[in-house]
Peer 1: 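Mind having a look at this structure? Questions to follow.
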Protein chains: 2
Amino acid sequence: MSKAYDVMAATCPSRTVLHRIGARWTIFVVVALADGPRRFTAIKTHIEGITPKVLTETLRALESDGLVRRDDFGGNPPHVEYSLTQLGRSLLVPLAAVREWAETHVPDILDAQSSRPAD
Amino acid sequence: MSKAYDVMAATCPSRTVLHRIGARWTIFVVVALADGPRRFTAIKTHIEGITPKVLTETLRALESDGLVRRDDFGGNPPHVEYSLTQLGRSLLVPLAAVREWAETHVPDILDAQSSRPAD
DNA sequence: GATACCGGTATCAAATCCATACTGTTGAGG
DNA sequence: CCTCAACAGTATGGATTTGATACCGGTATC
């Protein structure tokens, strides 16, 4: 079985995909939507420190990639819900693993940053 | 077992860690080193389109985080090898999954980008 | 002498990110 | 009526990151 796409090739579409995933806030947003739909403000509150501008951009990008769905319930005050699509949920699997890795290995990295490399 | 670190907390060190992982080229470099040590130029060639400046920065960052080791064999022409540390190899596991996801789901995303979102 | 190899730097422009303030609409409180 | 808050964002302008391109030193080879 040969691969149809190779992330290392400059012209491969998978490169674009990976860059999107690697965008600064993508992983946070996807993980934030892991437990179900959330409203804009809820996401913003949940992901501490994200600015509305960047959150909007990230959500729009994820939406156009088909990872996130935006449901506007209209009315007032505005009511918009964001949720992961099927595709988004499938991405959640590897991203949750990355998040877990990050939370698990914080001490190792803090350690490495403050000491001489040994390994 | 409760979590010691929470990526969603603005002040949590895991946030920094995750941002590093999410840095534009980190995943490419880590994956590029998956099969063993490589020299600077080899990495640069392998990851098409990365510039030397960015590669240097990424490698230095990964090195200071203890994910990559830099071995300088001196001599001339220069001979420097980069390899994953134990910690780096452990990160490879989730990152390889992300890479795989990217390569697998390219069609879905291209599709979503060109059509109206339907979920 | 000219050129290539290797592992990077230097320089400057462009894209992205961040902090902060502000918008429009409507309902509630006074 | 006037003011304020809630929600989902925009606008602005500056800081940070990224990227493109050129260049460096030392050796070996042509």
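Naming convention: chains lettered A, B, ... in sequence-line order (proteins, then strands); numbering from 1 in each chain.
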Peer 1: Among C:dA21, D:dA20, C:dT9, which nucleotide sits nearest the side chain of B:Arg60?
Peer 2: C:dT9

Peer 1: Take A:Asp6 and B:Arg99, measure what side-chain contact (heavy atoms from CB on, under 4.5 Å) needs, and give me the verdict at the end.
Peer 2: CA-CA 9 Å; A:Asp6 178 10; B:Arg99 179 247 185 113; 3.6 Å; yes

Peer 1: Hey, does the side chain of A:Arg24 come within less than 4.0 Å of D:dT18's phosphate (OP1/OP2), counting only N and O?
Peer 2: yes

Peer 1: Closest to the B:Val54 side chain: D:dG19, D:dG9, C:dG7?
Peer 2: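 Out of D:dG19, D:dG9, C:dG7, the nucleotide with an atom closest to B:Val54's side chain is D:dG19.
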
Peer 1: Figure out the CG/P separation between A:Leu59 and C:dC17, and round it to whole Å.
Peer 2: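 Rounding to the nearest Å, CG of A:Leu59 and P of C:dC17 are 13 Å apart.
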
Peer 1: Do the side-chain N or O atoms of A:Tyr82 get closer than 4.0 angstrom to the phosphate oxygens (OP1, OP2) of D:dC7?
Peer 2: no

Peer 1: Decide, yes or no, whether a salt bridge links B:Arg39 with B:Asp71 under the criterion of side-chain N to carboxylate O below 4.0 Å.
Peer 2: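 No, no charged N to carboxylate O under 4.0 Å.
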
Peer 1: Does a nitrogen or oxygen in the side chain of A:Arg20 sit under 4.0 Å from OP1 or OP2 of C:dT16?
Peer 2: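 No.
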
Peer 1: Starting at CG of B:Asp71 and ending at P of C:dG8, how long is that distance when rounded to a whole Å?
Peer 2: 12 Å

Peer 1: Give a yes/no answer on whether the side chain of A:Arg38 brings an N or O atom under 4.0 Å of OP1 or OP2 in D:dC7.
Peer 2: no

Peer 1: Angle between ring planes, A:His19 versus B:Trp25, binned at 30° and 60°: parallel, tilted or perpendicular?
Peer 2: perpendicular

Peer 1: Would you tell me if any nitrogen or oxygen in the side chain of B:Thr41 comes within less than 4.0 Å of OP1 or OP2 on C:dG7?
Peer 2: yes

Peer 1: Taking N and O atoms by type only, does the side chain of A:Asn76 place a donor or acceptor under 3.5 Å from a partner on the base of C:dT25?
Peer 2: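 Flag set: donor-acceptor pair detected.
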
Peer 1: Tell me which of B:Pro78 and A:Ala23 sits closer to the 5' end of DNA chain C, going by the nucleotide each one is nearest to.
Peer 2: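 By nearest-heavy-atom nucleotide position, the 5'-most residue is B:Pro78.
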
Peer 1: Could you tell me the separation between the CZ atom of A:Phe28 and the CG atom of A:Leu33, rounded to the nearest 0.5 Å?
Peer 2: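 Reported value, rounded in 0.5 Å steps: 13.5 Å.
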
Peer 1: Starting at the 5' end of DNA chain D, which residue's closest nucleotide do you reach first, A:Lys44 or B:Glu57?
Peer 2: A:Lys44

Peer 1: Rounding to a whole Å, what distance do you find between A:Lys53:NZ and C:dT23:C1'?
Peer 2: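 In whole Å, C:dT23 C1' and A:Lys53 NZ are 16 Å from each other.
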
Peer 1: Could you check how far NE2 of B:His79 sits from C1' of D:dG26, rounded to whole Å?
Peer 2: 17 Å

Peer 1: Give a yes/no on whether any side-chain N or O of B:Trp25 is located under 4.0 angstrom from OP1 or OP2 of D:dT17.
Peer 2: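 For D:dT17, OP1/OP2 do not have a side-chain N/O of B:Trp25 under 4.0 Å.
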
Peer 1: For residues B:Trp101 and A:Leu91, determine if any side-chain heavy atom of one lies less than 4.5 Å from a side-chain heavy atom of the other.
Peer 2: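 Yes, at least one pair of side-chain atoms sits under 4.5 Å.
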
Peer 1: Specify the separation, in whole Å, of atom CD1 of B:Ile43 and atom C1' of C:dG8.
Peer 2: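 After rounding, the reported distance stands at 12 Å.
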
Peer 1: Tell me: CG of B:Asp72 to C1' of C:dC6, nearest whole Å?
Peer 2: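 Going from B:Asp72 (CG) to C:dC6 (C1'), I get 11 Å.
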
Peer 1: Does C:dC6 have its OP1 or OP2 closer than 4.0 Å to a side-chain nitrogen or oxygen of B:Arg39?
Peer 2: no

Peer 1: Measure from CD1 on A:Ile50 to P on C:dT16 and round the result to the nearest Å.
Peer 2: 16 Å

Peer 1: How long is the line joining CZ of A:Phe73 and P of D:dG9, in whole Å?
Peer 2: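 Between P of D:dG9 and CZ of A:Phe73: 13 Å.
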
Peer 1: Considering heavy-atom distances to DNA chain D, does B:Pro77 or A:Pro77 have its closest nucleotide positioned more toward the 5' end?
Peer 2: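 Between the two, 5'-proximity favours A:Pro77.
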
Peer 1: So do B:Lys44 and B:Thr56 actually touch side chain to side chain, heavy atoms under 4.5 Å?
Peer 2: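 Sidechains of B:Lys44 and B:Thr56: no contact.
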
